[in-house]
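To start, the structure itself, in structure tokens.
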Amino acid sequence: MIMLPLMYSTVLIIIHPEKRGGAYGLIGMVLVVAPAIGPTISGLLLEKLGWNWIFALTLPVLVLSLVIGLRYLHNFSTIF
């Protein structure tokens, strides 16, 4: 419940005013499309491979996201 307001305030801080509309559009697209695509892909994986493959296939993506996040994300609250 708190993530949406924090995300929008973060966009206000780090995105230039000329590009905020595009950022908000991308956020909106993800918020609308992800709940429709997630269950569909999960259902296909369950039908073809089995429930344990959902975890096996997402683990490399999660680890890669963690490594990229630790490397490239900065704490903007200390800058301003």
Side-chain angles (χ1 to χ4, degrees):
M1 198 72 176
I2 190 75
M3 291 302 294
L4 224 51
L6 286 175
M7 181 174 49
Y8 284 122
S9 66
T10 303
V11 168
L12 282 173
I13 292 172
I14 65 173
I15 303 291
H16 294 288
E18 305 87 39
K19 297 183 180 183
R20 284 184 190 152
Y24 286 137
L26 182 64
I27 290 168
M29 184 177 67
V30 168
L31 290 175
V32 169
V33 172
I37 291 180
T40 304
I41 293 173
S42 297
L44 288 172
L45 285 173
L46 284 172
E47 183 178 324
K48 301 294 181 188
L49 299 175
W51 66 269
N52 53 349
W53 280 93
I54 292 176
F55 301 104
L57 292 175
T58 57
L59 186 62
V61 174
L62 295 173
V63 170
L64 182 65
S65 299
L66 178 66
V67 169
I68 290 172
L70 290 173
R71 173 69 178 104
Y72 293 107
L73 291 179
H74 304 286
N75 187 358
F76 286 100
S77 65
T78 59
I79 295 174
F80 297 104

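Being a predicted model, the structure only gives us computed values, none of them experimental.
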Return all side-chain donor-acceptor pairs below 3.5 angstrom for residues 50-71, not counting sequence neighbours, or 'none' if the list is empty.
{"residue": "Thr58", "atom": "OG1", "partner": "Ile54", "partner atom": "O", "Å": "2.9"}
{"residue": "Thr58", "atom": "OG1", "partner": "Phe55", "partner atom": "O", "Å": "3.4"}
{"residue": "Ser65", "atom": "OG", "partner": "Val61", "partner atom": "O", "Å": "2.8"}

Show me, pair by pair, the donor-acceptor contacts under 3.5 angstrom made by side chains of residues 30-44, not counting sequence neighbours?
{"residue": "Thr40", "atom": "OG1", "partner": "Ala36", "partner atom": "O", "Å": "3.0"}
{"residue": "Ser42", "atom": "OG", "partner": "Gly38", "partner atom": "O", "Å": "3.0"}

Summary of ring-ring contact (aromatic ring centres under 6.0 Å, His included) pairs that have at least one residue in residues 30-49, sequence neighbours excluded =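 For residues 30-49, and leaving out neighbouring residues, there are no ring-ring contact (aromatic ring centres under 6.0 Å, His included) pairs at all.
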Donor-acceptor pairs under 3.5 Å, side chain of residues 10-25 to any protein atom, not counting sequence neighbours: which ones?
{"residue": "Thr10", "atom": "OG1", "partner": "Leu6", "partner atom": "O", "Å": "2.7"}
{"residue": "Arg20", "atom": "NE", "partner": "Ile15", "partner atom": "O", "Å": "3.2"}
{"residue": "Arg20", "atom": "NH2", "partner": "Leu12", "partner atom": "O", "Å": "2.9"}
{"residue": "Tyr24", "atom": "OH", "partner": "Tyr8", "partner atom": "O", "Å": "3.4"}

